[in-house]
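Here, residue 1 is the first one in the sequence, and each next residue gets the next number.
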Amino acid sequence: MNWQRHVRRGEFEGRKVVIKTNKRIKGFRDFILVFAYVLTSVLILHPSSPHPLGAMLLQNESIAMREMLRKLEILSPTLLHISYKVLIEEFIEGGNLYSLFEKKGDPLLASKAGILTARLHNAKLVFLDNKAENYLINSQGQLVRTDLSFIMRDDSVFSRSMDIACFLASIMDLRGSEYRVIHNTFINAYEKEIGRSCPYLYIILRNILALGFSSNRANTFMNLLKS
């Protein structure tokens with residue numbers, strides 16, 4: 001479920017596409033997300049600048065941003081149309097990463113997600129919305145990052161920790177054995193790619209975010225106890 005846009009499949013210029021139309025209260029929800037980010041940073045004594053919102057959200061979805069990510073070897077869907085209300089991009093047939101993890105744990109894809117996150121951090125960039133649902137799998141088994149609005153230039157400990165925590169919190173309602181394998185694989189791949197340890201704050205932030213992301217409270221609670 002996309003909390004900011006209505007998402008549907010369709011056709012555009014003879015090809016299968018995904019059509020994303022802004023919900024009426026998207027602007028308010030964008031503000032709440034950024035406000036929660038800044039408030040959390042203040043509460044844990046790591047104050048961080050807010051995402052600029054406004055026109056920057058549109059620029060982050062642009063062809064220029066996608067090309068910059070491609071140079072970092074981070075794939076994104078081909079953009080076909082963009083306006084303040086509607087975004088149309090190519091349809092990626094493999095579904096999203098969270099759905100795949102639900103069906104079967106896949107350490108290889110967890111490793112790829114860790115590597116992509118590290119590449120972004122090496123470029124001094126972060127995603128405020130780095131959920132597993134925002135990674136798609138194409139026909140070659142590659143990860144494709146969608147929903148780019150909340151990318152931000154920031155190299156603070158808090159922002160990098162939040163980025164890692166967001167991904168791990170989004171899968172924390174998986175079964176315990178699968179969650180631990182995915183968690184460890186993601187972290188190991190991230191640390192190997194970036195050449196240093198994960199920021200220490202990610203564990204605290206992951207536990208906070210998990211309470212909001214969870215669709216299976218029992219699994220989440222057990223994973224919190226064992227981690």
Side-chain angles (χ1 to χ4, degrees), residues 1-10 12-13 15-41 47-92 96-97 113 115-136 138 142-167 170 194 209:
M1 165 123 8
N2 191 308
W3 76 318
Q4 295 161 312
R5 295 185 175 114
H6 299 288
V7 181
R8 64 183 177 87
R9 297 181 190 177
F12 181 80
E13 298 180 346
R15 62 193 297 181
K16 290 183 180 180
V17 298
V18 173
I19 302 171
K20 301 178 179 180
T21 307
N22 289 351
K23 294 180 179 178
R24 293 180 62 183
I25 57 173
K26 178 182 183 295
F28 176 71
R29 289 178 170 177
D30 291 343
F31 171 79
I32 291 297
L33 176 62
V34 172
F35 177 77
Y37 173 86
V38 174
L39 179 61
T40 303
S41 75
S48 184
S49 301
H51 189 286
L53 293 177
M56 183 59 69
L57 297 178
L58 204 63
Q59 292 176 27
N60 285 347
E61 293 281 10
S62 68
I63 291 175
M65 175 59 75
R66 293 165 194 253
E67 177 61 21
M68 187 190 76
L69 292 176
R70 187 189 66 78
K71 290 178 180 178
L72 298 175
E73 300 184 76
I74 300 174
L75 301 179
S76 59
T78 300
L79 180 66
L80 302 172
H81 171 80
I82 188 170
S83 70
Y84 279 102
K85 293 184 178 180
V86 179
L87 184 150
I88 302 175
E89 59 188 18
E90 70 170 315
F91 173 69
I92 305 297
N96 70 65
L97 186 55
I115 291 170
L116 296 187
T117 301
R119 285 177 182 167
L120 201 71
H121 292 182
N122 277 332
K124 302 188 185 307
L125 296 167
V126 294
F127 283 119
L128 301 192
D129 195 21
N130 193 30
K131 299 180 295 187
E133 291 91 334
N134 288 337
Y135 290 92
L136 308 176
N138 66 16
Q142 298 167 304
L143 288 187
V144 180
R145 187 53 163 79
T146 189
D147 289 337
L148 307 175
S149 295
F150 285 99
I151 193 171
M152 183 170 71
R153 187 163 294 281
D154 194 338
D155 190 37
S156 68
V157 171
F158 176 80
S159 65
R160 288 183 282 115
S161 299
M162 180 65 82
D163 200 355
I164 295 166
C166 187
F167 181 86
S170 73
I194 206 165
L209 293 174

> Using every non-hydrogen atom in the two residues, find where A113 and Y135 come nearest and quote the distance to one decimal.
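Answer, listing the atom of A113 first, then Y135: O-OH, 4.3 Å.
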> Whether the side chain of S170 engages the backbone of A132 through a donor-acceptor N/O pair (distance < 3.5 Å, no angle test) should be reported.
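Yes; judged by distance alone, with no hydrogens or angles, the pair exists.
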> Can any side-chain N or O of R119 pair as donor or acceptor with the backbone N or O of E73 at less than 3.5 Å?
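Confirmed, R119 side chain pairs with E73 backbone.
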> Students often mix this up, so state it plainly: with edges at 30° and 60°, are the rings of H81 and F12 parallel, tilted or perpendicular?
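Answer is tilted, since the angle falls between 30° and 60°.
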> How about L97 and F167: do any of their side-chain heavy atoms sit closer than 4.5 Å?
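Of all side-chain heavy-atom pairs linking F167 with L97, at least one is under 4.5 Å.
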> Drop me the distance from K85's NZ to L58's CG, to the nearest 0.5 angstrom.
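CG of L58 is found 13.0 Å from NZ of K85.
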> Is the shortest heavy-atom distance from the side chain of D155 to the side chain of H121 under 4.5 Å?
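Side chain of D155 against side chain of H121, heavy atoms only: no contact under 4.5 Å found.
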> Where do H51 and F150 come nearest, in terms of heavy atoms and distance?
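Scanning both residues completely, I find the closest heavy atoms to be NE2-CA, 3.8 Å.
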> Between F158 and P47, is any pair of side-chain heavy atoms under 4.5 Å apart?
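Contact flag for F158/P47 side chains = no.
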> Given 3.5 Å as the limit, does a donor-acceptor pair link the side chain of N96 with the main chain of N134, or not?
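No, N96 side chain to N134 backbone: no donor-acceptor pair under 3.5 Å.
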> Name all residues meeting the side chain to side chain contact (heavy atoms under 4.5 Å, CB included) criterion together with P52; count only those two or more places apart in sequence or in a different chain, and write none if there are none.
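Residues passing side chain to side chain contact (heavy atoms under 4.5 Å, CB included) with P52: M56.
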> Heavy atoms, side chains only, cut-off 4.5 Å: are L120 and F127 in contact?
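Yes, at least one pair of side-chain atoms sits under 4.5 Å.
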> Can you list the residues that meet the side chain to side chain contact (heavy atoms under 4.5 Å, CB included) rule with A123, with sequence neighbours excluded?
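Once residues adjacent in sequence are excluded, the partners of A123 under the side chain to side chain contact (heavy atoms under 4.5 Å, CB included) criterion are L72, L125.
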> For S49 and V38, work out which heavy atoms get closest and say how close.
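Closest approach of S49 to V38, heavy atoms only: C-CG2, 4.4 Å.
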> Can you confirm whether T146 sits close enough to K20 that some side-chain heavy atom of one is under 4.5 Å from a side-chain heavy atom of the other?
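Heavy-atom side-chain distance check passes, below 4.5 Å.
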> Compare every heavy atom of P77 with every heavy atom of L136, then report the nearest pair and how far apart it is.
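Closest heavy-atom pair between L136 and P77: CD1-CG, 4.5 Å.
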> Between V17 and L80, is a side chain to side chain contact (heavy atoms under 4.5 Å, CB included) present by the stated rule, with each step listed?
CA-CA 9 Å; V17 298; L80 302 172; 3.4 Å; yes
> Please find the pair of heavy atoms, one from M162 and one from L209, that lie closest to each other, and give the distance.
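Residues M162 and L209, closest heavy atoms: SD-CD1, 3.5 Å.
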> Can you check whether D147's main-chain N or O pairs, donor with acceptor, with R145's side chain at less than 3.5 Å?
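Pair found, side chain donor or acceptor close to backbone of D147.
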> Side chains of S76 and R70, heavy atoms from C-beta outward: is any pair under 4.5 Å?
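The answer is no; the side chains never approach within 4.5 Å.
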> Before giving the answer on side chain to side chain contact (heavy atoms under 4.5 Å, CB included), spell out for L69 and L148 the whole-Å C-alpha distance, their side-chain angles and the decisive distance to 0.1 Å.
CA-CA 10 Å; L69 292 176; L148 307 175; 3.9 Å; yes
> Measuring from K23:NZ to H6:NE2, what's the distance to the nearest 0.5 Å?
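Those atoms lie 5.5 Å apart.
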> Would you check if the side chain of N60 reaches a backbone N or O of M65 as a donor-acceptor pair within less than 3.5 Å?
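Such a contact is absent between N60 side chain and M65 backbone.
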> Of I151, L79, I82, which is the lone residue that meets side-chain contact (heavy atoms from CB on, under 4.5 Å) with E61?
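For E61, the side-chain contact (heavy atoms from CB on, under 4.5 Å) check succeeds only for I82.
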> Minimum heavy-atom separation for V34 and P50, please, with both atom names.
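Closest heavy-atom pair between V34 and P50: CG1-CB, 3.6 Å.
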